[in-house]
Amino acid sequence: MNITVIGSGYVGLVSGTCFAEVGNKVTCVDIDPIKIEKLNKGIIPIFEAGLELMIVKNVKNKNLIFTTKLSEALKNSDIAFIAVGTPMGDDGSADLQYVLSVAKSIGQLMKKRLIVVDKSTVPVGTADKVKAVIQKELDLRSSDLQFDVVSNPEFLKEGAAIVDFMKPDRVVIGADSKYAFNKMKELYSPFFRSRDRFITMDIRSAEMTKYAANAMLATKISFINEIANICEKVGADANQVRLGIGADQRIGYSFIYPGVGYGGSCFPKDVKALTKIAKENGYTAQLMTAVEEVNDAQKFVIAQKIVTRFGEDLTGFTFGIWGLAFKPGTDDMREAPSIYVIKELLKRGAKIKAYDPKAINEAKEHYLKGFQNIQYFDSKYEVLKNSEALVLLTEWKEFRSPNFELIKAKLNSPVIFDGRNQYNSLNLETKGFQYFQIGK
Ligand SMILES: NC(=O)c1ccc[n+]([C@@H]2O[C@H](COP(=O)([O-])OP(=O)(O)OC[C@H]3O[C@@H](n4cnc5c(N)ncnc54)[C@H](O)[C@@H]3O)[C@@H](O)[C@H]2O)c1
C-alpha cells in the first residue's frame with residue numbers, strides 16, 4: 001500500500017518505518033526542513049533501539065522516503081496518517097492546531113480517494129472536526145473526492161517502540177465505513193502473525209480509549225506512590241506491599257512500582273486533557289485531578305529526602321545524578337522528573353554532576369539549558385567524584401548492578417537516594433551505605 005505519515009516525530013517515525021518494514025511504500029512528511037534534511041542524511045532525531053537500522057534499510061530499498069512536500073506524498077497515497085503533536089494548551093486541553101492545520105492541507109492537496117487516520121492522541125470529537133475541515137477545503141475546490149476519517153490511537157511505549165509497533169497487544173480502529181475498516185485491517189494484518197488483535201469500534205470510543213488507557217496507567221502509578229507515602233508514615237515497606245498486592249491477578253505487578261512519579265510526553269498532558277474534556281462536558285473528573293496532584297507532589301519526594309539529610313541550604317554540596325530521561329530506552333526528557341529534582345537542588349545552592357546514557361544532549365540543549373552549576377559526564381562513576389551522594393532518577397539497565405565498592409570510593413560520603421527503588425532488595429545498609437528509597 002502507499003502511505004503518507006504526516007509528522008515525523010516519535011510516533012510518525014516509528015509507525016512509518018514499521019509500515020515500510022512490512023513492505024508498504026511510505027512517505028514520512030514533516031514541516032521541519034532541518035529534521036527532514038537530517039533524516040535524508042541518515043541522522044535520526046530520536047534515540048529508540050533498533051529504529052536507525054530499520055530506517056537505513058528501508059530508505060535503501062526505497063520503501064521509505066522523507067520529504068516536506070505533502071502534495072507529492074499524497075499523490076499516490078491510499079492512507080494518510082496524522083501523527084503531529086497535540087501538546088498541552090494553556091488551559092490544560094489538547095492543542096489541536098497542528099492536527100487541524102494538517103487536515104486543512106490534506107483537503108487542499110489530496111488528489112484521490114483517501115483514508116485520513118488520526119494517530120495523534122486527540123479529544124473525543126476531533127475526527128468530526130478533521131472531517132469538517134477537509135470537506136470545507138474540498139468544497140472550496142469544488143471537488144467531490146471521497147474520504148474517510150478514522151481514529152487509530154497509538155499505544156507504543158518509548159523505549160520499546162519498535163517491538164510494540166511490530167507486535168502490538170491490540171490495534172484499535174474507530175471508523176464508520178466498511179471500506180475504511182477493511183483497508184485498515186489489510187494494512188495492519190502483517191503485524192498479527194499468530195492471531196488477530198484488532199479491536200474495532202465507533203470513532204468516538206476509539207478516541208476515548210487512548211485517554212482511558214493512559215489515565216489508567218497514570219492512576220496505577222499515582223496509586224502506588226500514594227501508598228508508598230503512607231507506608232513511610234506508618235513504618236511499612238512499600239516494596240513489600242507492592243509484592244503483596246501484585247500477586248493478586250486482578251491487580252498485577254506492572255505499573256505499581258513506587259518512584260519519582262510519571263513524566264514523558266503523554267501521561268501528564270493526557271491526564272490533564274481528559275480532566276478538561278470531562279469538564280467541558282459537565283463532569284468533574286475528581287480521580288484524574290487527584291492522580292495529577294499526587295504525581296506533581298511525588299516529583300519532590302526525593303528532593304525532600306535530600307533536604308532532610310543535608311539541610312535546607314545545599315550550598316557547597318554536589319550531587320551525582322544517574323538518569324535524566326523520563327524513562328529508560330529513550331533520550332526523551334519531556335516532563336522528566338529529573339528536571340524537577342535537579343531544579344529543586346540547584347535552587348537550594350547545590351551543584352549537579354549528571355550522567356545519562358542517551359539524554360545528555362537533550363538536557364544541555366533544551367530542558368536544563370542555561371542552568372549554571374550542572375556538569376555533564378559520559379561516565380556514570382565520574383559524576384560521583386567529590387559528590388555528596390548518588391541520586392538515581394532513571395532505571396536504565398546499566399544502573400541495575402553497579403560496582404558499589406567503586407561508588408563508595410568515589411563519593412564523599414556513602415549515601416544513595418534511589419528514586420526508582422532499584423536497590424531496595426540489596427540491603428545496601430549492610431554494605432555501609434546510607435540508603436534512601438521511596439516508600440520506606
Ligand atoms: N511519544 C509517544 O510515546 C506517543 C505514544 C502514543 C501517542 N502519542 C501521540 O502521538 C502524537 C505525536 O506525538 P510525538 O511524540 O510523535 O510528537 P513529536 O513532537 O515527537 O512529533 C511531532 C512532529 O510533527 C511535526 N509537525 C507539526 N506540524 C506539522 C505539519 N503541519 N505537517 C507536518 N509535520 C508537522 C513536528 O515538526 C514534529 O516533528 C501526539 O498526539 C502524542 O500524544 C505519542
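Just so you know, ligand 1 is whichever comes first in the structure, and atom 1 is the first atom listed for that ligand. Start at 1 with the first residue, then count along the sequence.
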ask   = What are the atoms of ligand 1, with element, lying closer than 4.0 Å to any heavy atom of Ala83?
value = 12 (C)
request  = Give the atoms of ligand 1, by number and element, whose distance to some non-hydrogen atom of Lys35 is under 4.0 Å.
outcome  = 38 (C), 39 (O)
task = Considering heavy atoms of the protein only, find what lies nearest to atom 44 (C) of ligand 1 and give residue, atom and distance to 0.1 Å.
result = Val11 CG2, 3.2 Å
ask   = Counting heavy atoms only, which of Ile34, Ile36, Val102, Val5 comes nearest to atom 30 (C) of ligand 1?
value = Val102
inquiry  = When you compare ligand 1 with Asp270, is there at least one nitrogen or oxygen pair between them that comes in under 3.5 angstrom?
reply    = no
Residues Glu292, Lys272: salt bridge by 4.0 Å N-O rule = yes
task = Taking ring-ring contact (aromatic ring centres under 6.0 Å, His included) as the test, write out the residues that go with Phe326, two or more places apart.
result = none
Modelled atom types, side-chain donor and acceptor of Asn239 and Gln437, under 3.5 Å = yes
request  = Could you check atom 24 (O) of ligand 1 against the protein and tell me its nearest heavy-atom contact, residue, atom and distance included?
outcome  = Gly7 CA, 3.5 Å
ask   = Would a distance-only check, ignoring hydrogens and angles, find a side-chain to backbone donor-acceptor pair under 3.5 Å from Asn281 to Ile277?
value = yes
Nearest neighbour in protein (non-hydrogen) for atom 38 (C) of ligand 1 = Asp30 OD2, 3.4 Å
inquiry  = Can you confirm, on distance only, whether ligand 1 has an N/O atom lying under 3.5 Å from any N/O atom belonging to Tyr10?
reply    = yes
task = Give yes if a backbone or side-chain nitrogen or oxygen of Lys210 is under 3.5 Å from a nitrogen or oxygen of ligand 1, and no if not.
result = no
ask   = Do any nitrogen or oxygen atoms of Ile31 lie less than 3.5 angstrom from nitrogen or oxygen atoms of ligand 1?
value = yes
key: Lys279 atom NZ: more than 12 heavy-atom contacts under 6.0 Å   = no
key: For Gly85, the ligand 1 atoms whose distance to one of its heavy atoms is below 4.0 Å   = 22 (C)
note = Looking only at protein heavy atoms, what sits closest to atom 15 (O) of ligand 1 is Arg334 NH2, 3.0 Å
Any pair counted as ring pair (Phe, Tyr, Trp, His ring centres under 6.0 Å), so long as it reaches residues 196-217, sequence neighbours left out = Phe192-Phe198
task = For the residue pair Asp356 and Trp322, confirm or rule out a side-chain donor-acceptor distance under 3.5 Å.
result = no
request  = Please report which non-hydrogen protein atom sits nearest to atom 21 (O) of ligand 1, along with the residue it belongs to and the distance in Å to one decimal place.
outcome  = Gly9 CA, 3.1 Å
request  = Please write down residue, atom name and distance for the protein heavy atom closest to atom 9 (C) of ligand 1.
outcome  = Thr121 OG1, 3.4 Å
Residue Ser265 vicinity, atoms of ligand 1 by number, heavy atom under 4.0 Å = 1 (N), 2 (C)
inquiry  = If the cut-off is 4.0 Å to any non-hydrogen atom of Lys269, which atoms of ligand 1 fall inside it?
reply    = 42 (C), 43 (O)
message = Just checking Phe417 against Phe436, ring centres under 6.0 Å apart?
response = yes
inquiry  = Using a 4.0 Å cut-off to any heavy atom of Leu156, which atoms of ligand 1 qualify?
reply    = 3 (O), 5 (C)
inquiry  = For the residue pair Lys25 / Asn63, report whether a side-chain donor-acceptor contact shorter than 3.5 Å exists.
reply    = yes
key: Atom CG of Asp248 with >12 non-hydrogen neighbours under 6.0 angstrom   = yes
Atom indices of ligand 1, in the order listed, that fall short of 4.0 Å to a heavy atom of Thr86 = 40 (C), 41 (O), 43 (O)
ask   = Which protein non-hydrogen atom lies closest to atom 2 (C) of ligand 1, naming both residue and atom, and how far is it?
value = Glu158 OE2, 3.4 Å
ask   = Is any NZ, NE, NH1 or NH2 atom of the basic residue among Glu21 and Lys57 found under 4.0 Å from an Asp or Glu carboxylate oxygen of the other?
value = yes
Tyr355 and Glu398: side chain donor to acceptor below 3.5 Å = yes
request  = Check whether any N or O atom of Asp32, backbone or side chain, sits under 3.5 Å from an N or O atom of ligand 1, and answer yes or no.
outcome  = no
task = Could you find the nearest protein heavy atom to atom 11 (C) of ligand 1 and give me its residue, atom name and distance?
result = Val84 O, 3.3 Å
message = What I want to check is whether the side chains of Glu186 and Asn182 have a donor and an acceptor closer together than 3.5 Å.
response = no
task = Within a distance under 4.0 Å of any heavy atom of Ile6, pick out the atoms of ligand 1 and give their elements.
result = 32 (N), 33 (C)
